[in-house]
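Here the structure comes first, spelled out in structure tokens, and everything after it is commentary.
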Amino acid sequence: MVKPFFLPILLSAGAAAASQTSHCRCRPDEPCWPSQEEWLSLNKTIQGNLVAVRPVASVCHGDEYNPQACKAVIGLWSNSAWRSAQPGAVQWENWEAWPENHQTCYIDSPRGTKCGQGRVSLYSAKVQTVFQVQQAVKFANTHKLRLAIKNTGHDFLGRSTAPESLQILTRGMTDIQIVDDFVPRGAPKGKSEGHAMTIAAGVQLPELYTAAAKQNRTVVGGSSHTVGAAGGYIQGGGHSPFGAWGGLGSDNALEFEVVTADGTLVYANAYQNSDLFWALRGGGGGTFGVVTSVTVRTFPEVPVLVYNLNITAVQGTPQFWEAWSEFHAALPSLNDAGGSGYYFTVPNFPLNTNTSVSVFISLLMFPGKTDPAEIDKLYQPLKLKLQQLQGIQVQNISFPFPTMNSTIFTLLLSGENADSTGSILMLGSRLFSKDLLSSKDGADRLTDAWKSIKMDPYDQILGHVVAGGAVAANGEKIDSAVNPAWRKTVTHMVYSRNWEANATLAQQSAIIKNMTEIEIPILRSVEGEDRMGAYLNEANAYEDGFQQSFWGEHYPRLYSIKQKWDPAGLFISRKGVGSEDWDDAGLCMTTGGRSKALGH
Ligand SMILES: Cc1cc2nc3c(=O)[nH]c(=O)nc-3n(C[C@H](O)[C@H](O)[C@H](O)COP(=O)(O)OP(=O)(O)OC[C@H]3O[C@@H](n4cnc5c(N)ncnc54)[C@H](O)[C@@H]3O)c2cc1C
Ligand SMILES: *[C@@H]1O[C@H](CO)[C@@H](O)[C@H](O)[C@H]1NC(C)=O
Ligand SMILES: *[C@@H]1O[C@H](CO)[C@@H](O)[C@H](O)[C@H]1NC(C)=O
Ligand SMILES: *[C@@H]1O[C@H](CO)[C@@H](O)[C@H](O)[C@H]1NC(C)=O
Ligand SMILES: *[C@@H]1O[C@H](CO)[C@@H](O)[C@H](O)[C@H]1NC(C)=O
Ligand SMILES: *[C@@H]1O[C@H](CO)[C@@H](O)[C@H](O)[C@H]1NC(C)=O
Ligand SMILES: *[C@@H]1O[C@H](CO)[C@@H](O)[C@H](O)[C@H]1NC(C)=O
Ligand SMILES: *[C@@H]1O[C@H](CO)[C@@H](O)[C@H](O)[C@H]1NC(C)=O
Ligand SMILES: *[C@@H]1O[C@H](CO)[C@@H](O)[C@H](O)[C@H]1NC(C)=O
């Protein structure tokens, strides 16, 4: 009889043997890890743009403590533009840490705490050219390294970083080309897509808007100071406050320039590599290759009328939630009339020590509209319903803007010049359908679900009216990987959770577990299990059945395109296509993945 204590030894010997086969990425303590000379030669081939990386907060801790550098880092801590340029940072502190492996480097930890590398990459190729991207990809391929692509690091699911990895940092690629008459490569002569812009991988949304506005044109993009225009945003689908007017960001992508897993440069559009083109429009970032540039359609400028409706009540007033339900019941018709934008709900907003209020603020934009009376008429049925509810205050105002550019810069991006960042954050979200909110008790069921999600003081529910209109219509015209649920969506709703840097792993796990196993299922159940889904870029990082939630019926096709273009899994991103074949860190294939790789 084998004594039980031999068992772990046998198992760990087995694990070591497995890691010597091709089922794991090469790790720093293994003989396969590149030598100093090899790193040096990579550095030479990429013109000296390789850097060894430590987490940005390391200068505030242990032996690395440096008072001046630390002071500077503290000052820049919540500056999203700075974070996007740092190899040793992403935007959300929790994705810099690897608490499961006892490696953290929180800025708030005591000075004496030694900093662990966490999920921060070990080396970064701060690429400036396509050639440098190719060299970094080939190097990672040759040495079987874990590769991470970081653009701005905004990803909420931890996709832009990976433990023990080589990072490709794209922020240095900022070229923007105006194309008056874009003809995709390989298209028949005369097949012009009209005015377009070709933007390099590191261009951020406001840079794209500014360049378009200089041409008296506009583009469909998101609402952020520092989110990338060509990276995770557009590859994940990309929603816009003008979605009902212009579609999803990815609906307007005309061509991608991509470095694939073997280091070759290919173009993907409707005429060549069309399977890759299909996958890159909604299949998710970091999965099919490194996109070095993307060409996007532009639109002529139009004026915008913005309509702001607020509802407030003393916290605990039941009519507040009735009003909330009425707003949701009215959403399909407001959206059908061209309205899109955002709404914010803070169920418990403390005004002072004695009073809290419930606050609802909506900002819907109507592109091409200039007459406030026309919009008032649209809101009239909702306003009549709200007038019948006691105990709530309803206010409205409208703002005309001459252009989308002015709407974006003076309204959506006004105030600060960076995004809020540098903290610990987890999201939970769901897409809800027009069918649901048009049905008899749909809005009430949605309201009941949200009422049962615990909302502490200042906690917020964010609604995105970024679909309908052109997004829905494009479902008939455009065949792309985007979650088919987007075409039926009327609102994308998000809430968040966080914890203190000193929270134990058990405390963190409890929050994640409650979101994943209690709260999200409450939101899911409103539409019936898996009838809609969630937006992959703004979702629970531990989403159960992510393949179905993020891509619905498109998943099998995405999985096979992934196997074709990246059979060895060089590009693995958390909760991305094919990631189920790997462990959470993307370092080793799991048993299921191994048997698939071996053709079992
Ligand atoms: C303040 C804020 C506002 C937002 N607003 C919107 C919005 O209006 N609409 C919307 O749809 N989303 C919005 N988002 C979500 C946003 O789309 C995601 O955070 C997205 O992941 C950001 O992409 P990125 O390239 O900037 O970031 P990163 O975190 O650097 O990258 C995200 C993913 O894309 C991959 N990737 C990046 N660049 C490339 C590349 N060149 N080639 C291949 N893979 C690449 C990364 O590996 C990673 O997997 C917002 C997020 C924030 C924080
Ligand atoms: C790469 O080369 C540059 C320029 O010579 C140097 O500054 C940098 O430290 C090198 N990177 C590494 C990782 O050695
Ligand atoms: C944009 O419009 C302005 C005002 O009509 C005009 O002066 C300018 O030349 C236009 N710019 C371009 C690039 O068309
Ligand atoms: C809150 O209530 C207490 C006790 O009634 C009162 O003394 C105090 O002035 C109130 N504070 C405010 C800000 O209203
Ligand atoms: C709605 O609330 C916001 C935030 O408090 C405020 O800035 C805005 O003026 C309000 N709108 C109306 C119409 O009162
Ligand atoms: C908003 O509400 C006020 C007061 O009820 C009304 O007079 C006004 O016309 C409304 N509409 C707009 C577009 O501001
Ligand atoms: C875009 O709008 C902003 C804010 O109104 C303005 O400052 C900027 O000049 C505009 N850009 C162009 C190119 O029109
Ligand atoms: C789990 O979530 C529900 C709904 O938000 C909440 O009421 C409950 O308190 C949470 N439980 C824990 C342990 O956090
Ligand atoms: C964590 O830090 C906060 C202050 O930021 C403190 O209130 C709390 O007690 C600490 N918790 C633990 C578990 O140490």
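Atoms within each ligand, like the ligands themselves, are counted from 1 in listed order.
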Looking at atom 14 (O) of ligand 4, would you say a protein heavy atom lies below 4.0 Å from it? yes
The answer for which part of Asn396 has a heavy atom under 4.0 Å from ligand 5 is backbone
Think Arg83 forms a cation-pi with Trp77, using NZ or CZ under 6.0 Å from the six-ring centre and within 45 degrees of its axis? yes
Under 30°, 30 to 60°, or over 60°: which ring-plane class applies to Trp486 and His239, parallel, tilted or perpendicular? tilted
Which option out of Thr403, Thr407, Asn405 puts a heavy atom nearest to atom 6 (C) of ligand 7? Asn405
Among all the protein's non-hydrogen atoms, which is closest to atom 5 (O) of ligand 5, and how far away is it? Ile361 CD1, 4.3 Å
Do Asp459 and Lys454 meet the salt-bridge criterion of a basic N to acidic O distance under 4.0 Å? no
Asn310 contact mode with ligand 5 (heavy-atom cut-off under 4.0 Å): side chain
If you count the atoms of ligand 7 from 1 in the order shown, which ones are under 4.0 Å from a heavy atom of Phe409? 3 (C), 4 (C)
Tell me whether Glu193 is salt-bridged to Arg297, with the criterion being a basic N under 4.0 Å from an acidic carboxylate O. yes
Lys NZ or Arg CZ of Arg281 over Phe277 ring: under 6.0 Å, within 45°: yes
Taking atom types as modelled and ignoring hydrogens, do the side chains of Glu538 and Ser429 form a donor-acceptor contact shorter than 3.5 angstrom? no
My question is simple, although I want it checked carefully: is atom 9 (O) of ligand 7 less than 4.0 angstrom from any protein heavy atom? no
Could you work out, for atom 3 (C) of ligand 4, the closest of Thr353, Asn354, Asn352, Leu351 by heavy-atom distance? Asn354
